[in-house]
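Sequential numbering from 1 along the given sequence is applied to the chain's residues. Atom set for the values below is all heavy atoms of this structure, side chains included, hydrogens, waters and symmetry mates excluded.
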Amino acid sequence: MEKKLETDTLEMRLQALEDRIYGERRSKSGKPLKCAESLVRLQEGLTNTANKRERVKILHKKIEDLLKYLDPQFTDHITVPDTMKLEFILAEEDFLLSQAVLLEQVSSLQPLLDSTYIRDVPEHATKLQRLSQVHIKEQDQTDAQSLEVKKLFEEYNKMMFLLSKQFTQWDETLRKLEEAKGIRPVE
């Protein structure tokens with residue numbers, strides 16, 4: 001089913017490409033022009049031309065050899081003798097030995113990598129993800145609660161200020177009345 005879907009998709013893309021290239025042009029028989037047919041005709045023409053010319057035939061036969069000669073590894077094989085390769089290896093001996101020691105350390109630590117702690121990491125990661133989401137949610141709630149508490153403190157301070165002011169006014173009024181009646185001496 002998936003391959004049919006891919007095939008259909010490719011056919012639709014090819015049809016869109018052909019419509020862009022050829023537009024509404026038609027072949028001599030009245031059928032719409034197809035890219036694949038044009039490419040096949042072009043390949044056949046190139047093959048016929050190549051078969052007629054002797055030099056091109058020889059070139060086709062030698063393409064594999066050319067590709068082999070163009071490969072960088074082939075040139076290294078030809079130009080670098082075995083004694084030079086041995087010298088390269090001996091020159092890098094210290095580096096290779098240090099890498100071997102590191103590889104042995106990794107091999108000795110392999111049981112740690114195979115431990116249940118490491119194997120359970122995906123399970124712990126999902127738990128950690130859930131805990132992280134809960135933490136973020138609770139942090140948002142804490143922020144909202146902090147704003148509410150701050151608002152209540154501001155209202156409390158305002159109320160205490162107003163009460164203090166009112167008591168001060170009452171105390172002043174009471175002091176004046178007591179002075180007027182002579183109950184309290186004037187300060």
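- In this structure, Q145 places its CD atom where only 12 or fewer heavy-atom neighbours from other residues, nucleotides or ligands lie under 6.0 Å away.
- Annotation: the span from L162 atom CG to N157 atom CG amounts to 11.0 Å, rounded to 0.5 Å.
- Smallest separation of non-hydrogen atoms from L112 and S115: O-OG, 2.8 Å.
- Two residues are said to be in side-chain contact when any heavy atoms from C-beta on lie closer than 4.5 Å; K137 and V134 fail this criterion.
- In this structure, the side chain of S164 does not engage the main chain of M160 through any donor-acceptor pair within 3.5 Å.
- With rounding to the nearest 0.5 Å, the separation of CH2 in W170 from CG in L177 is 14.0 Å.
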Taking it one step at a time, do K158 and E154 satisfy salt bridge (charged side-chain N to carboxylate O under 4.0 Å, His left out)? CA-CA 6 Å; K158 192 188 317 180; E154 287 173 354; over 6 Å; no
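- Atom NZ of residue K127 and atom CD of residue E123 lie 4.5 Å apart, to the nearest 0.5 angstrom.
- Atom CG of L109 sits about 11.0 Å away from atom CG of D114, to the nearest 0.5 Å.
- Taking hydrophobic clusters as Ile, Leu, Val, Met, Phe, Trp and Tyr residues chained together by side-chain heavy-atom distances below 4.5 Å, F161 does not share a cluster with Y156.
- When side chains are defined from C-beta on, F95 counts as touching Q99, because their heavy atoms get closer than 4.5 Å.
- For the atom pair OG1 of T173 and CD of Q166, the computed distance is 8.5 Å after rounding to the nearest 0.5 Å.
- L90 places a side-chain heavy atom less than 4.5 Å from the side chain of L86.
- In this structure a side-chain-to-backbone donor-acceptor pair under 3.5 Å is present from S146 to T142.
- Of all heavy-atom pairs between S108 and P111, the closest is O-CD, 3.3 Å.
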Could you walk me through whether D171 and R175 pass the salt bridge (charged side-chain N to carboxylate O under 4.0 Å, His left out) test, one step at a time? CA-CA 6 Å; D171 184 54; R175 188 181 57 76; 5.8 Å; no
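- Rounding to the nearest 0.5 Å gives a distance of 11.5 Å between CG of L96 and CG of L103.
- When side chains are defined from C-beta on, D8 does not count as touching M12, because their heavy atoms never get closer than 4.5 Å.
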